Every structure is written in structure tokens, then in C-alpha cells.
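A short worksheet on the structure shown next.
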Amino acid sequence: MSKKVVVGMSGGVDSSVAAYLLKEQGYDVIGVTMEIWQNEPNWKMEQEGGCCGLSAVEDARRVASMIGIPHYVMNFRDVFQKKVIDYFVREYQLGRTPNPCIACNRYVKWEALLQRSLELGADFIATGHYASIKKCANGRYAIVKSESGYKDQSYALYNLTQEQLKHTLMPVGEYEKDRIRQIAEEQGLPVAHKPDSQEICFIPDNNYKRFLEEETGEKASEGNFVDCMGTVIGRHRGITHYTVGQRKGLNLALGHPVFVVEIRPETNEVVIGQNEDVYAESLLAADLQFMATDQYEEGQRMLAKIRYSDKGQMCTVKQVNGDSMKIIFDQKVRAVTPGQAVVFYQDHIVLGGGTIVKGFGGSD
RNA sequence: UGGGCUAUCGCCAAGCGGUAAGGCACAGGACUUUGACUCCUGCACUCGUGGGUUCGAAUCCCGCUAGCCCAG
């Protein structure tokens with residue numbers, strides 16, 4: 001009897017091809033589209049000169065019937081609201097910068113979907129992520145960077161648990177993005193040329209400031225922009241409008257570019273400085289997660305990625321204190337941002353990661 | 001009220017008789033399964049105002065207005 005796998009189908013090319021590949025490999029495949037936020041976006045197929053508005057659900061359903069697998073829609077709005085949107089809003093209010101995709105992966109795409117799938121008798125869940133899973137020598141499962149480091153999505157998957165990884169398949173991780181589109185085309189899948197998703201899915205217009213106001217029902221309170229000496233140099237529109245390293249939108253015409261160096265929720269201040277002031281040589285990470293490794297040791301060397309599109313920087317582990325630890329970079333890194341994730345790698349394998357609490361050592 | 005100085009894009013600022021540099025800000029786009037960074041493009045037919053000189057002025061002259069400084 002073939003293994004049963006539930007594929008999370010977003011209606012995009014990647015997950016569509018993932019379903020197709022699994023089917024080809026002989027799995028008993030079930031397609032599931034998760035309803036996660038209120039207003040389903042009507043993807044406009046602006047390419048090809050077409051203008052037919054197709055929803056994600058319809059696309060997924062079409063693909064499913066085309067490759068001959070059942071397709072279901074599951075409602076995950078409650079989890080999504082609680083684990084992703086509420087978290088997203090809360091973090092910004094605390095002066096931090098959240099990464100909703102990571103939270104969504106861990107709690108919605110995996111925790112919730114996996115649980116429901118197992119209840120349905122499935123052995124695995126699968127997605128169209130560009131990464132692969134490997135069982136290490138120590139018996140632990142870990143995410144490995146995709147072959148095409150270009151589209152690699154391992155960073156956003158660093159906090160999946162061992163139990164989740166054990167029941168996960170990522171069939172597209174072994175291919176390059178171009179190859180995936182090619183397969184979709186060869187199979188005549190209607191989503192072959194659908195544009196890659198981008199921006200925060202639940203904020204289609206990308207105006208997250210307005211989203212926060214609508215979600216909280218209140219306007220962000222204004223405050224002061226101060227320099228490193230504490231001198232007030234302007235007014236800001238509310239702490240939630242900024243993130244470390246940001247340049248645009250400050251409305252500060254000082255003759256030279258200036259950037260956000262730090263956000264201070266206690267005093268409602270946003271510290272401004274020059275580009276060199278936003279570099280840090282070390283950082284404190286908390287809420288440590290373990291993937292390929294089950295512990296971090298002082299003196300340990302590894303590669304650390306500070307944000308999604310970061311090539312990574314070598315660092316050394318210092319002061320491990322239970323759930324948190326400090327790491328020191330070989331070379332300063334730009335814009336270490338509280339709230340974002342640090343992900344550790346060794347030979348393309350995800351060791352684990354944590355949430356950035358604070359960066360240290362700018363030019364101060 | 002005397003004397004001096006200055007008025008050029010939202011901010012700073014070139015220009016010194018030949019037909020408006022640049023920086024910052026801002027807007028749009030590219031990039032991107034987060035926020036950013038980065039990159040590309042755009043951004044004063046007009047130089048406080050009214051006259052005059054000149055083939056031609058933001059640039060020279062006169063008046064007015066405003067701001068700044070010194071003297072009262």
C-alpha cells in the first residue's frame with residue numbers, strides 16, 4: 001500500500017508541481033488548499049494578456065483534477081489569525097520586526113496542517129518549498145539548503161520541529177526554479193506562468209502600516225527621532241512604521257542619507273544614524289531552536305543568516321545561557337533587527353536558529 | 001529707526017551676462033514567500049516681487065517686500 005501524503009496547494013507553480021511529482025513517484029496524493037485569511041486574493045493573470053481573475057482555490061482545484069488527485073479546502077483562519085496576524089501586530093507594537101512567513105510555516109502550514117493530515121490517515125504532508133530534508137548521522141532531521149541557492153527557502157523553515165520534519169516531503173527542493181516551471185509547462189498545468197508570490201500574503205497592497213491601524217483600530221502614536229547623542233532631530237509617525245536599517249520614509253532631509261539604528265518602545269523614540277552606525281559585530285538570540293544539532297557550545301563556529309536574503313556570515317558562539325546565546329561575527333553585519341530570525345548553518349545544513357533580541361557594537 | 005547682509009525645487013546648495021549643477025527628501029519601478037537594504041527612473045520653461053539696461057539676465061541697475069546681523 002502506497003504512502004499517503006497531503007500536499008498543501010497554494011495554487012502556485014511550486015506546490016502544483018510538488019503534487020505532480022509525488023503522484024509520479026507513486027504516492028497516494030491528496031491536495032489541500034488552506035484558507036487562511038479573509039479576503040482571498042484574486043490573482044490577475046496579467047501575463048499572456050489575459051484578464052481572467054482566478055482564485056487560489058480554483059487554480060489548485062484545476063491542477064488537482066488535471067493530475068488526478070482529490071482536492072479539499074481546509075479552513076485554518078483561526079490559527080492563522082492567532083499565530084500569524086496577532087503575532088505580527090504584537091511584534092510591531094513592541095518595536096520589533098516580525099517575520100510572518102516563518103510563523104505561518106511553523107504553526108499553520110506545519111503544525112495545523114500536519115495534525116489534520118495525520119488525523120486523515122496521512123503519512124506525510126508536502127509543500128512546494130525550495131529546500132530538502134535530510135536525516136543526519138545523529139539521527140536528527142534537518143532542512144538542507146536547496147541546490148539552487150538562489151531560491152533557497154531554508155531560512156524560513158528553521159524552526160520546524162523534529163516531529164514535523166519526520167512527516168514532511170519537499171519534492172521541488174532538488175530542482176531549480178526554471179526546471180519547475182518547465183515541468184509545469186510540459187504537463188500543461190495552467191499555473192505554469194503564474195508570477196511568484198511576494199510581499200506579505202495577507203497584505204496584498206503591501207501597505208502594512210495601514211493594515212496595522214485597521215487591525216488595532218488605532219493610529220500609531222508619534223514620537224521623536226533622536227540621534228545617537230539623544231538630540232531630537234525630528235518627529236516620527238509611530239514606532240510601527242520603522243525597522244532597523246531603514247532609510248526610506250523617514251522624511252529627514254539632512255543632506256546625507258540617514259538610517260534607523262534602533263527602536264526604543266519604552267520611550268517611543270527612533271534612533272537615527274549614519275550607515276556605519278547600523279552595523280553590529282554580535283547579537284543576542286533567544287528562543288533557540290534545534291534542528292541538525294541538539295545543542296550549541298561556546299566556541300562553536302557556524303554560518304549565520306540574519307535575514308531571508310542574506311548570504312550569511314561566519315560567527316562564533318559565546319555565552320550560551322539556556323534558551324539564549326550570544327554570537328560574534330567574523331565581520332560586522334548590517335542591520336541586525338530584533339524580532340527577525342537568525343538561522344545557523346553548517347555545510348548547507350540548518351543547525352537551528354533563534355529570534356534576534358538585540359545587536360551589539362555599531363560605531364558607538 | 002540708522003548701517004550691513006541675504007533672498008534659486010519640500011530642505012541644503014551651485015551659479016558671477018549666454019539660456020537653472022549636485023546632495024537630501026519625495027514619487028514610481030526593479031529586486032523579494034517578512035520588514036529592510038540596494039538598483040533604475042522621475043522631480044524648478046524657472047530663480048522673493050515690480051520695473052529698467054542688454055541681441056540675451058538667476059546673474060547688472062532702481063524701487064518694494066521678507067529674513068538675519070550690528071547700532072539703539
Side-chain angles (χ1 to χ4, degrees), chain A residues 8 10-15 18 34 36-37 41 43 56 80 83-85 87-106 108-109 127-131 146 150-159 170 172 177 180 194-204 206-209 211-212 225 233-235 237 239-263 270 272-280 305-311 332-343 353 355-356 359:
Chain A
S10 66
V13 220
D14 303 328
S15 55
M34 301 187 273
I36 49 181
W37 53 285
W43 279 103
F80 191 78
K83 295 293 191 178
V84 182
I85 296 182
Y87 145 81
F88 179 80
V89 173
R90 186 184 345 116
E91 286 289 287
Y92 264 115
Q93 291 178 319
L94 292 173
R96 295 196 290 251
T97 306
N99 185 320
C101 295
I102 289 178
C104 177
N105 284 337
R106 166 72 182 265
V108 183
K109 289 189 180 145
T127 62
H129 284 91
Y130 285 88
S146 70
Y150 180 61
K151 255 293 180 184
D152 175 58
Q153 293 173 313
S154 62
Y155 173 86
L157 303 167
Y158 85 96
N159 62 358
M170 293 182 182
V172 307
K177 179 77 186 192
I180 293 301
K194 202 165 166 178
D196 286 3
S197 62
Q198 51 189 239
E199 319 300 354
I200 303 173
C201 73
F202 54 93
I203 308 178
N206 203 30
N207 189 340
Y208 83 90
K209 283 118 180 172
F211 177 84
L212 287 175
F225 275 131
I233 55 177
R235 295 286 289 171
R237 294 176 296 176
I239 238 168
T240 56
H241 289 241
Y242 314 95
T243 186
V244 176
Q246 181 175 333
R247 170 181 177 176
K248 296 292 181 182
L250 303 182
N251 223 295
L252 251 24
L254 303 184
H256 55 83
V258 289
F259 306 81
V260 170
V261 173
E262 186 187 344
I263 293 174
V270 174
I272 297 302
Q274 309 252 11
N275 189 245
E276 58 258 36
D277 299 323
V278 55
Y279 280 79
K305 284 181 68 168
I306 250 42
R307 79 190 80 250
Y308 183 70
S309 56
D310 179 18
K311 36 319 166 231
K332 290 187 173 185
V333 293
R334 187 177 186 288
V336 168
T337 311
Q340 290 284 291
V342 221
V343 178
T355 302
I356 297 173

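Since the structure is predicted, the reported quantities are computational estimates derived from the model, not experimental observations. Proteins get letters first, then strands, A, B, ... in listed order; numbering begins at 1 in each.
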field: First encountered from the 5' end of RNA chain B, between A:Leu254 and A:Lys209
entry: A:Leu254
query: Quantified in whole Å, what is the P atom distance between nucleotide B:G22 and nucleotide B:C69?
result: 33 Å
message: Restricting to side-chain hydrogen bond (donor to acceptor under 3.5 Å, both in side chains), what partner residues turn up for A:Ser154, sequence neighbours left out?
response: A:Asp152, A:Tyr345
message: Does the protein touch nucleotides 28-34 of chain B at the base, only the backbone, or not at all? Give it as B, S and - per nucleotide, heavy atoms under 4.0 Å.
response: ----BBB
message: Work out how far the C1' atom of B:G3 is from that of B:U8, and round it to whole angstrom.
response: 27 Å
query: Rounding to the closest angstrom, what is the interatomic distance between B:G52 and B:C47 at atom P?
result: 16 Å
- prompt: Hey, what's the ring geometry for A:Phe88 with A:Tyr92, parallel, tilted or perpendicular (30° and 60° as the breaks)?
  reply: perpendicular
message: In whole Å, measure the gap between the P atoms of B:C55 and B:A25 for me.
response: 46 Å
query: Distance check: side-chain N/O of A:Arg247 vs OP1/OP2 of B:U38, anything under 4.0 Å?
result: yes
message: Does A:Gly249 reach a base, just sugar-phosphate, or nothing at all? Heavy atoms under 4.0 Å.
response: sugar-phosphate
message: Tell me the closest heavy-atom pair linking A:Arg106 and A:Asn159, and the distance in Å.
response: NH1-O, 2.8 Å
message: Under 4.0 Å, heavy atoms only, any strand: does A:Leu250 hit a base, just the sugar-phosphate, or nothing?
response: sugar-phosphate
task: Please measure how far the C1' atom in B:C64 lies from the corresponding atom in B:U6, and state the result in whole Å.
output: 16 Å
message: Mind checking if A:Val260 touches a base, just sugar-phosphate, or nothing, with heavy atoms under 4.0 Å?
response: nothing
message: Rounding to an integer number of angstrom, what distance separates B:U49 and B:C9 when you compare their P atoms?
response: 10 Å
query: B:C31 pairs with which nucleotide, Watson-Crick or G-U wobble, both distances below 3.5 Å?
result: none
task: Could you check A:Val258 against A:Tyr242 and say which one's nearest nucleotide on RNA chain B is further toward the 5' end?
output: A:Val258
query: Mind checking the C1' distance from B:C31 to B:C43? Whole angstroms is fine.
result: 23 Å
message: Using atom C1' in both nucleotides, what's the gap between B:U53 and B:U41 to the nearest angstrom?
response: 43 Å
message: What contact category does A:Tyr208 fall into here, base, sugar-phosphate, or nothing, at under 4.0 angstrom with non-hydrogen atoms?
response: sugar-phosphate
- prompt: Quick one: does A:Tyr208's side chain have a donor or acceptor within less than 3.5 Å of a partner on A:Thr240's backbone?
  reply: yes
field: With A:Thr243 via side-chain hydrogen bond (donor to acceptor under 3.5 Å, both in side chains) - residues at least two apart
entry: A:Thr97
